[in-house]
Undergrad: 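One structure, as structure tokens, below. Some questions next.
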Amino acid sequence: MFRNNASTIGPDSEPDDQAAEKYAVASRWRLVWRRFRNHKLAMAGLIVTILVYVVAVFGEFLAPYSTSHLNDEYTYAPPQRLQIVDTSGDDWDWGLHVNGYTMERDPETLAQEFTTDPDNKVPVGFFVKGEEYELFGLIPWDRHLIGPVDSDTPMYLLGADQMGRDQFSRIIHGTRISMSVGLVGVAMGFVLGILLGGISGYFGGRTDTIVQRAVELFMSLPTLPLWLGLAAAIPRDWGSVERYFAITVVLSLVAWTGLARDVRGRFMSLREEDFVTSARLDGTGEPRIIFGHVLPSFTSHLIATLTLSIPTMILAETALSFLGLGLQPPTVSWGVLLQEAQNIRVISTAPWLLLPGVAVVVAILALNFLGDGLRDAADPYKH
Amino acid sequence: MTAMTRAEEASVSQNSGAARAPGDSGEAVLTIDGLKTHYKTDEGVVRAVDGVDLTAYRGQTTCVVGESGCGKSVTARSILQLIDLPGKIADGRIMWQPDPAVEAVDLTTLDEDGEQLRRVRGGEIGMVFQEPMASLSPMYTVGSHLVETILLHTDLNEADAKDRAIHELKRVGIPQPERRFDAYPFQLSGGMCQRVMIALALSCEPALLIADEPTTALDVTTQARILDLLLGLQEETGMSMLFITHDLGVVAEIAADVSVMYLGKVVEKAGVDELFENPQHPYTQALLESIPSLDHDGQKPGRLRAISGTVPHPADRPAGCSFHPRCPHAMAGTCDAEEPPVIDLGDGRIAPCHLHDPESSGPGRPLPLLPVPPVQEARATGADDAVDVAAVPAPDLAGKQPMLRVRDLSVEFPIRKGFWNRTVGHVGAVSSVDLDIYPGETLGLVGESGCGKTTLGRSIVRALEPTRGSITYRPPGSDGEVDLAALGGRALRPYRSDVRMIFQDPFTSLNPRKTLLQLIGEPLRRAGARNGPVAGTKVNDSTTQDQVAEMLARVGLRPEYMWRYPHAFSGGQRQRVNIARALITRPSVVVADEAVSALDVSVRAQILNLLKDLQEEFRLTYLFISHDLSVVEHVCDRVAVMYLGRVVERADTDSLFEQPRHPYSEALLSAVPQPDPRQRGTGKRIRLPDDLPDPTDPPPGCRFHTRCRFAVEGLCDRAGASPVLRDEASHSVACLRAEEIQLQGRQ
């Protein structure tokens with residue numbers, strides 16, 4: 001609601017209280033932040049999103065093992081529970097640990113069966129020495145946030161896959177690729193959309209007609225066959241990530257259409273606004289009207305749109321990798337990890353292979369909440 | 001005089017059986033008692049309505065008047081529990097007694113979605129809203145709206161309901177009701193839609209009609225006809241009316257009882273004559289004083305008496321009497337601490353004010369109150385000794401060269417259709433207008449909406465491209481002339497700072513993302529400020545800051561406000577910012593396009609005074625575009641009347657208002673409601689038919705002949721013989737029969 005605190009009393013006699021003064025000189029972004037803060041779900045979304053990206057950046061440090069660490073004795077080992085106290089003995093024995101496995105092979109099915117063995121205590125610690133890695137690709141280090149004190153004993157907090165790789169580590173490593181590989185594509189589509197939509201809306205007339213017909217043409221292109229074709233057309237010797245990256249970039253050339261329409265509509269309505277007319281009457285030049293008056297009027301909406309388009313990109317990666325069209329092993333992403341859960345029998349023996357799906361759901365919900373909150377807060381001048 | 005109008009009124013309401021003598025409290029049909037409607041928002045509880053007592057009498061019209069944000073509409077909506085979320089009736093009773101024989105029901109206790117309240121809504125109480133277009137669904141025909149309502153509230157079958165609907169349409173004066181029955185709302189004009197709304201509200205013979213600003217969105221001529229219609233219908237059916245308005249002229253025209261609201265409370269309740277003659281609350285007094293009155297004895301006042309400040313937001317209600325920060329009589333220690341007591345002043349009058357309380361104001365305080373002393377307005381330059389403008393001799397135009405000469409100016413908008421956007425026709429918003437604006441004068445431009453006055457104003461400042469014609473501008477102190485219509489782009493820039501514009505809507509015309517310094521300083525960035533001192537090219541430049549600070553002081557805002565954003569200001573203050581922005585380049589001509597139309601009465605007076613002071617200070621020439629004739633009469637030296645893109649009459653203000661020579665001007669004048677109930681019913685009313693002709697296909701001959709009462713067939717409607725504005729010294733008119741007809745001016 002609109003409060004004109006400053007105006008309640010005659011302009012000359014008012015004793016300004018601090019709050020009113022602060023409100024009066026608050027810029028748009030501060031007003032947006034004010035409204036955003038009151039949106040609890042969006043704040044939660046913001047925090048989770050930040051956490052997810054922190055995981056993506058510090059993946060090597062947070063994960064106990066590297067992506068290639070495997071131990072084929074432990075195929076489909078179930079998750080171990082992290083325990084603080086051991087009560088199996090006579091005493092309470094404090095210390096972070098997991099219980100190791102005893103392995104038996106079923107004589108009939110020959111399946112490996114794991115049971116946790118309370119006597120076999122594997123001590124777990126923070127900042128333990130482990131495999132060497134390079135933080136940010138630069139700083140060599142060998143400490144891991146969490147891991148078994150003896151780096152040779154295995155620890156499977158979220159279970160193991162077919163090759164005995166640690167699911168927990170792989171989900172962490174997958175975060176980076178999943179949360180980032182489509183960003184460039186989204187950004188490119190975004191720039192194209194604003195540019196073409198802006199041109200179309202601001203100049204109108206024939207330009208508008210041409211751009212809009214182009215939008216309709218691009219909208220009629222089917223994406224999935226295009227994707228299949230591109231996947232086949234890209235040189236074989238490119239790495240999996242490069243191939244995927246190339247595909248998203250090409251697709252962004254098609255994906256700018258929705259945004260272009262949105263931007264065009266906003267430009268058209270803003271062009272008629274009184275404050276744009278008055279800027280023109282002030283003798284302000286066209287570029288300054290566009291970049292100083294029209295564009296800032298909906299940047300906050302654009303940011304919200306951008307936030308909401310990231311989940312689409314994550315989902316696309318997950319879905320395509322799952323189908324085998326996107327990323328391929330040995331690259332680790334959430335979609336790639338889910339490939340292993342394609343088989344119903346595998347899922348019945350090792351349901352923890354579906355856990356990357358949970359990561360996808362959490363990340364997407366968080367981004368959607370964040371985007372929704374931003375959209376609601378984007379226009380602080382609405383009455 | 002008073003008694004006579006009263007007597008007439010009594011005869012009007014006779015058939016209701018409840019005619020009452022003046023001052024008699026009569027028989028209540030609706031009694032609101034201590035109503036409180038609160039909105040729970042994130043920023044706290046907003047008490048939009050805070051203890052309202054109100055009574056609507058049987059067969060009478062009760063007016064609720066007040067500025068925007070005073071809780072009038074919320075009160076009306078509370079009656080039918082139509083409050084938007086998060087609003088809620090917190091306390092109070094609303095006693096509804098349509099039939100004197102049956103006991104009253106408390107509407108607040110009824111279930112919001114219950115059967116009983118639904119029967120009251122529409123069936124017993126009808127409601128008419130402000131925006132007729134928005135209140136009707138564009139997906140349904142006018143007829144289906146009506147039939148639906150009738151079927152809901154009566155036992156008629158569908159065929160009978162249709163007959164009834166057509167009858168209702170006829171009753172509200174819609175021509176060809178059988179045909180209009182199948183029309184969609186967007187095919188009708190605003191006035192027609194409001195008639196349909198009234199038909200809808202009255203279709204089930206309600207005992208009470210609540211009309212929430214029903215004429216505010218309409219033209220003055222349409223407003224007059226809608227008011228006539230409502231009064232006629234009341235006479236016919238004997239219904240009661242609760243009429244909400246901000247316009248004291250309308251109140252004087254139709255009310256029997258008036259309640260004045262301020263910040264969610266009723267501050268004065270009185271009969272209409274008593275209220276206008278002898279207002280008892282300082283707010284009412286101030287409100288009445290701030291109307292630029294059409295009615296004057298010889299001299300028109302130079303300055304209006306404005307109420308200082310603006311209506312605060314209901315969330316920031318001042319303690320004690322809520323009016324005290326703006327009240328010229330406020331007593332420190334009393335008014336800012338205690339709520340004023342409700343004291344009956346006799347005749348059922350109420351005016352809760354400490355001045356009427358013998359305990360706080362001392363015994364023997366004479367009533368009526370002293371007249372309100374003129375308010376010292378916030379003007380840092382201290383121009384409160386402003387000369388009475390009426391005393392300044394009117395600029396002598398005879399020997400002067402016009403500063404701005406508009407010749408044969410036409411603005412046409414293409415109508416595009418089809419896949420290829422082919423131009424299939426043109427709307428001539430302005431066609432062949434001639435206009436002279438002389439240095440130092442204020443030229444008024446009036447007319448109904450759609451007559452092209454805004455288009456004309458905008459093409460003079462070159463916000464629009466004129467199709468034909470010339471706008472010759474002669475900069476002051478030079479003999480050179482320049483045709484602004486022929487210039488474009490860069491060549492026009494130097495003149496952009498000479499001819500400036502003040503916009504109508506203070507909320508949309510300021511970019512909310514810029515500080516006042518950026519907004520007001522922006523024109524200075526251009527090298528075009530020819531008249532002013534050379535400004536820095538950067539907004540942060542200290543010369544720019546100095547100039548902005550000085551300008552802010554001139555328009556009555558504190559210089560340190562330059563760091564603030566527009567969201568911190570009220571409508572009136574934003575309009576001051578708009579003025580500062582227009583004047584920072586030291587222009588010579590300012591086009592004020594409905595500059596005060598969006599403002600409340602009290603703030604409007606402040607802005608009008610400010611414009612007047614600035615005109616003297618900066619030697620400004622104004623083109624003052626307005627639909628409000630009383631404002632135009634107050635500020636303008638000369639007036640041009642526009643109709644359908646043409647100027648039909650041009651004259652000195654006094655001569656136009658006293659002796660109009662075009663039938664259209666006459667009709668406009670007679671439609672303005674006078675803020676004086678004694679004038680009710682005096683003079684002959686001239687009512688124009690509602691519909692403006694289609695501007696894409698203007699009528700041949702005189703464009704006004706379709707609505708003119710003097711039109712003669714074969715003369716006025718002859719194509720190719722349209723009347724031209726004959727140039728006479730002080731009074732020119734474009735009418736073929738100007739010599740023969742006798743017109744009445746203002747009474």
Side-chain angles (χ1 to χ4, degrees), chain A residues 1-14 16-17 20-31 34-35 37-39 204-206 208-209 270 272-286 288-289 292-300 379-383, chain B residues 39 41-43 46 308-313 315-316 318 325-326 377-378 380 421 458 461-463 492-494 496-497 499-501 503-505 507-515 519 522-523 525-526 528 556-558 561 563-573 576 578 581-582 585:
Chain A
M1 209 167 216
F2 205 80
R3 294 179 54 167
N4 38 8
N5 290 357
S7 64
T8 51
I9 319 162
D12 253 353
S13 61
E14 67 196 84
D16 264 354
D17 57 314
E21 174 68 34
K22 250 177 117 174
Y23 174 74
V25 297
S27 72
R28 173 186 35 160
W29 296 113
R30 210 171 296 169
L31 292 180
R34 248 179 198 223
R35 274 175 65 143
R37 245 183 352 199
N38 290 336
H39 201 309
R206 193 170 291 269
D208 181 38
T209 315
L270 282 165
E272 304 298 318
E273 282 282 330
D274 275 350
F275 70 81
V276 174
T277 311
S278 69
R280 193 166 296 137
L281 291 184
D282 287 346
T284 312
E286 292 292 290
R288 205 181 140 72
I289 289 182
H293 288 275
V294 178
L295 214 50
S297 302
F298 60 96
T299 39
S300 36
D379 191 358
Y381 306 108
K382 236 181 337 200
H383 319 287
Chain B
Y39 286 78
T41 66
D42 293 344
E43 281 115 35
V46 176
S308 66
T310 52
V311 184
H313 191 273
D316 310 313
R326 306 176 70 193
E377 272 168 79
N421 268 342
R458 289 198 170 212
V461 297
R462 285 300 309 276
L492 193 63
R493 261 189 203 164
R496 290 247 190 248
S497 51
V499 184
R500 303 283 292 164
M501 177 154 174
F503 287 83
Q504 167 173 7
D505 189 338
F507 287 91
T508 60
S509 53
L510 296 176
N511 189 345
R513 290 159 187 87
K514 304 217 176 251
T515 60
L519 285 167
E522 177 145 18
R525 290 169 45 91
R526 300 293 131 199
L557 293 173
R558 294 202 296 191
Y561 284 180
W563 305 111
R564 296 190 170 189
Y565 287 85
H567 64 247
F569 298 95
S570 67
Q573 287 174 314
R576 287 175 194 266
N578 256 332
R581 176 187 189 159
T585 60

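The shown structure was predicted, so the numbers you read here are calculated from the model rather than taken from an experiment.
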Undergrad: Indicate the atoms forming the closest heavy-atom contact of B:Arg496 with A:Leu281, along with that distance.
TA: CD-O, 3.3 Å
Undergrad: Out of curiosity, A:Ser278 OG to B:Met501 CE, how far, rounded to the nearest 0.5 Å?
TA: 9.5 Å
Undergrad: Find the one option among B:Leu519, B:Leu510, B:Thr508 whose heavy-atom pairs under 4.5 Å with chain A are most numerous.
TA: B:Thr508
Undergrad: Where do A:Phe275 and B:Pro512 come nearest, in terms of heavy atoms and distance?
TA: CE2-CD, 4.5 Å
Undergrad: If you take all heavy atoms of A:Gly292 and B:Asn511, which pair is closest and at what distance?
TA: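 Looks like O-ND2, 4.1 Å.
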Undergrad: Where do B:Arg458 and A:Asp274 come nearest, in terms of heavy atoms and distance?
TA: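 Looks like NH2-OD1, 3.2 Å.
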Undergrad: Could you tell me whether the side chain of A:Arg280 and the main chain of B:Ala463 form a donor-acceptor pair under 3.5 Å?
TA: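 No: the side chain of A:Arg280 does not pair with the backbone of B:Ala463.
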Undergrad: I want to check something: taking the side chain as every heavy atom from C-beta on, are B:Tyr565 and A:Leu31 in contact at a cut-off of under 4.5 Å?
TA: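 When only atoms from C-beta onward are counted, A:Leu31 and B:Tyr565 do not touch, as no gap falls below 4.5 Å.
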